[in-house]
Amino acid sequence: MPIDLHTHSSVSDGTQTPTELVRAAAAAGIDVIGLTDHDTTAGWDEAATAARECGIALVRGAELSTRTGWTSVHLLSYLHDPTDAALASALTLSRTARVRRAETIVDRLGRDFPLTWRDVSAQVAPGATVGRPHIADALVAVGAAPSRDAVFADILGDGSPYVVPFEMPTPREMIALVLAAGGVPVLAHPFAHLRGASLDAGQIAELAAVGLVGLEVDHRDHDERDRAALRDLARELDLVVTGSSDFHGTGKLNRLGENTTAPASLEAIAERGRLEVLR
Ligand code: AMP
Ligand code: FE
Ligand code: FE
Ligand code: ZN
C-alpha cells in the first residue's frame, strides 16, 4: 500500500494541477497521496474531488517556510484546520513576502539576463505561491538556461548573489501555530545538506520538546548515512518516521512513490490531526 506524503502541484511550484497530480498518483499505483504545496492550502478542494473520483486517499497538508538564523527549515503540516486565523495569516504573510522577494531577485537578474517580472508571472498559476522554480522556468523560457535543474545548479542556487531570503517565522513559532490549528508538524528533509545549512540533532531535540511529531527520513536528498542517523534520532525522541517523493511534476527528477511512508506512521499522524484523511 504505497503512501506518498509530500508532493507539490501548480498551486505552488509543481508543474501539474492538483487534479493532474492526483490522477498521476493513482496511475502510479499510489494508495494515499499527501498534497503539501508551499505555504498554501489552496489546492485542497480540487485535490479532494480528484481523489474521490480516482478512488485514492488524500492527506491534506502544506510545506511551511521557516527559518532559524541562516538555516532554512521546511515544516510539513498535516490535517490542520485551514480556517485557523493565526496559521492562515502566517501563510498569507509568507506568500506576500515571497512575491516581494521574487521581485528583488528578478531586479537583480535583470542586470545580467533579458528577464522581466512579466516573464516570471507568466510561469505562475493564478493565486499560486511564487518561488525560485518559477523564476527558473522564466529563465528557461527566455532562453537564458536549459532547464530548472541547471538554473538551481548555478544562477539561483543557495548562496547565489541573486538570491535573497524572505521573512518567515522560526520553526518553533510555526510548530506552535500548527499545533494550535490541530495540525501534525513533521520536519521535511531535515538533513538535506545539499540545500545549505540544516538543523543538527540538538536543535531537532529542542523542536521535539515543543511538539514536533515526525521526521521525514526517506527522501532523495538523504543518503544512507543521513537516513540511519535520522532513524536513530526518531527512535530516541519518539518521533514518527515518514518518507515521500517530494514530487514537483516535470520540474524535478523525483518520481511519485520513489520513497514512501509506513501505514503505522500514517495512522499515528491521522489520529493526531484535526481533519480526517479523505478516503
Ligand atoms: P524557494 O521556495 O523560492 O526558496 O525555492 C525553493 C524550491 O526550489 C524548493 O521547494 C524546491 O522545490 C525547488 N528546488 C530546489 N532545488 C532544486 C533543483 N535542483 N531543481 C529544481 N527545483 C529545485
Ligand atoms: Fe518546491
Ligand atoms: Fe522542501
Ligand atoms: Zn517539498
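Fair warning: this is a prediction, and the values are worked out from it, not measured in the lab.
If you chain together hydrophobic residues whose side chains sit under 4.5 Å apart, L79 and L64 never meet in one group. Under a hydrophobic-cluster definition in which Ile, Leu, Val, Met, Phe, Trp and Tyr are linked whenever side-chain heavy atoms come within less than 4.5 Å, directly or via other members, L76 and L207 are assigned to different clusters. Cluster annotation: F191 is connected to L237 through the hydrophobic network of ILVMFWY side chains, with a link wherever side-chain heavy atoms come within less than 4.5 Å. The hydrophobic cluster containing L179 does not contain L275, counting ILVMFWY residues as joined when their side-chain heavy atoms lie under 4.5 angstrom apart, directly or transitively. Hydrophobic clustering of Ile, Leu, Val, Met, Phe, Trp and Tyr side chains at less than 4.5 Å, counting indirect connections, keeps V99 apart from L91.
A heavy-atom distance below 4.5 Å is found between the side chains of I204 and L233. Side chains of L156 and L109 form a contact here, defined as non-hydrogen atoms less than 4.5 Å apart. Taking the side chain as every heavy atom from C-beta outward, L75 and P171 never approach each other to under 4.5 Å. A heavy-atom distance below 4.5 Å is not found between the side chains of D81 and L87. T7 is not listed as a side-chain neighbour of D246, based on a closest heavy-atom distance of 4.5 Å or more. T36 places none of its side-chain heavy atoms less than 4.5 Å from the side chain of L5. Residues V73 and Q203 are not in side-chain contact: their nearest non-hydrogen atoms beyond the backbone lie 4.5 Å or more apart. R172 has its side chain within reach of E206: a pair of non-hydrogen atoms, C-beta onward, lies under 4.5 Å apart.
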Steps toward side chain to side chain donor-acceptor pair (under 3.5 Å) verdict (H134, D13)
CA-CA 7 Å; H134 300 108; D13 56 6; over 6 Å; no
Would I33 and L256 satisfy side-chain contact (heavy atoms from CB on, under 4.5 Å), going step by step from the backbone distance to the final call?
CA-CA 9 Å; I33 182 91; L256 279 163; 4.1 Å; yes
Please report the C-alpha distance between H222 and L230 in whole Å, then the side-chain angles of each, then the deciding distance to 0.1 Å, and finally whether the side-chain contact (heavy atoms from CB on, under 4.5 Å) criterion is met.
CA-CA 9 Å; H222 295 149; L230 282 167; 3.5 Å; yes
Go through the steps to decide whether Q16 and H8 satisfy the test side chain to side chain donor-acceptor pair (under 3.5 Å), and finish with yes or no.
CA-CA 8 Å; Q16 294 168 315; H8 297 267; over 6 Å; no
Check against side-chain contact (heavy atoms from CB on, under 4.5 Å), L199 and T68:
CA-CA 9 Å; L199 297 177; T68 173; 3.8 Å; yes
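Scanning both residues, A128 and S10, for their nearest heavy atoms gives CB-O, 3.3 Å. The shortest non-hydrogen separation linking A57 to R279 is CB-CG, 4.0 Å. The two atoms that bring T250 and T15 nearest to each other are N-OG1, 2.7 Å, heavy atoms only.
One distance of note links OG of S245 with NE2 of H219; it measures 8.0 Å at 0.5 Å rounding. Between H248 atom NE2 and S9 atom OG the span is 10.0 Å, to the nearest 0.5 Å. Rounding to the nearest 0.5 Å gives a distance of 9.5 Å between CG of L35 and CD of E46. Put simply, OG1 on T41 and CZ on R60 are 10.0 Å apart, with the number rounded to the nearest 0.5 Å. How far CZ of F166 is from OG of S65: 3.5 Å, rounded to the nearest 0.5 Å. The structure places CD1 of I3 at 11.5 Å from CD1 of I56, a figure rounded to the nearest 0.5 Å.
A salt bridge (charged side-chain N to carboxylate O under 4.0 Å, His left out) check over residues 107-129, counting only residues at least two apart or in different chains, returns nothing. Every pair passing salt bridge (charged side-chain N to carboxylate O under 4.0 Å, His left out) that includes a residue from residues 139-158 is listed here, sequence neighbours excluded: R132-D158, D137-R148. Sorted by first and then second residue, the salt bridge (charged side-chain N to carboxylate O under 4.0 Å, His left out) pairs with a member in residues 83-92 form an empty list; sequence neighbours excluded. Every pair passing salt bridge (charged side-chain N to carboxylate O under 4.0 Å, His left out) that includes a residue from residues 28-41 is listed here, sequence neighbours excluded: D39-R98. Listed by first and then second residue, the side chain to side chain donor-acceptor pair (under 3.5 Å) pairs involving residues 261-275 amount to none (not counting sequence neighbours).
Ring centroids of H74 and H38 are separated by less than 6.0 Å, placing the two rings close together. Checked against the 6.0 Å centroid criterion, the rings of H80 and Y78 do not qualify as a close aromatic pair.
With sequence neighbours left out, the salt bridge (charged side-chain N to carboxylate O under 4.0 Å, His left out) criterion links E258 to R220. When the side-chain contact (heavy atoms from CB on, under 4.5 Å) test is applied to A102, the partners found at least two apart in sequence or on another chain are W117, V130, I135. When the side-chain contact (heavy atoms from CB on, under 4.5 Å) test is applied to R23, the partners found at least two apart in sequence or on another chain are T19, E53, C54. Scanning for side-chain contact (heavy atoms from CB on, under 4.5 Å) contacts around E167 gives A97, R100, with sequence neighbours left out. For D218, the side-chain contact (heavy atoms from CB on, under 4.5 Å) partners are R227, R231, N259, not counting sequence neighbours. With sequence neighbours left out, D232 forms a salt bridge (charged side-chain N to carboxylate O under 4.0 Å, His left out) with R235.
Between the E20 side chain and the T17 main chain, a donor and an acceptor come within less than 3.5 Å of each other. With D4 contributing its side chain and G257 its backbone, the two residues share a donor-acceptor pair below 3.5 Å. Panel note: side chain W44, backbone V59; no donor-acceptor pair is recorded below 3.5 Å. At least one donor-acceptor pair closer than 3.5 Å links the side chain of T170 to the backbone N or O of E173.
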Which donor-acceptor pairs under 3.5 Å do side chains of residues 209-216 form with protein atoms, sequence neighbours excluded?
{"from": "E216", "atom 1": "OE1", "to": "H6", "atom 2": "ND1", "distance (Å)": "3.4"}
{"from": "E216", "atom 1": "OE1", "to": "H189", "atom 2": "N", "distance (Å)": "2.8"}
{"from": "E216", "atom 1": "OE2", "to": "H6", "atom 2": "ND1", "distance (Å)": "2.9"}
{"from": "E216", "atom 1": "OE2", "to": "S244", "atom 2": "OG", "distance (Å)": "2.6"}

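Applying the 6.0 Å contact sphere to CG of D45 captures no more than 12 heavy atoms from other residues, nucleotides or ligands. Within a 6.0 Å radius of CD in E103, more than 12 heavy atoms belonging to other residues, nucleotides or ligands are found.
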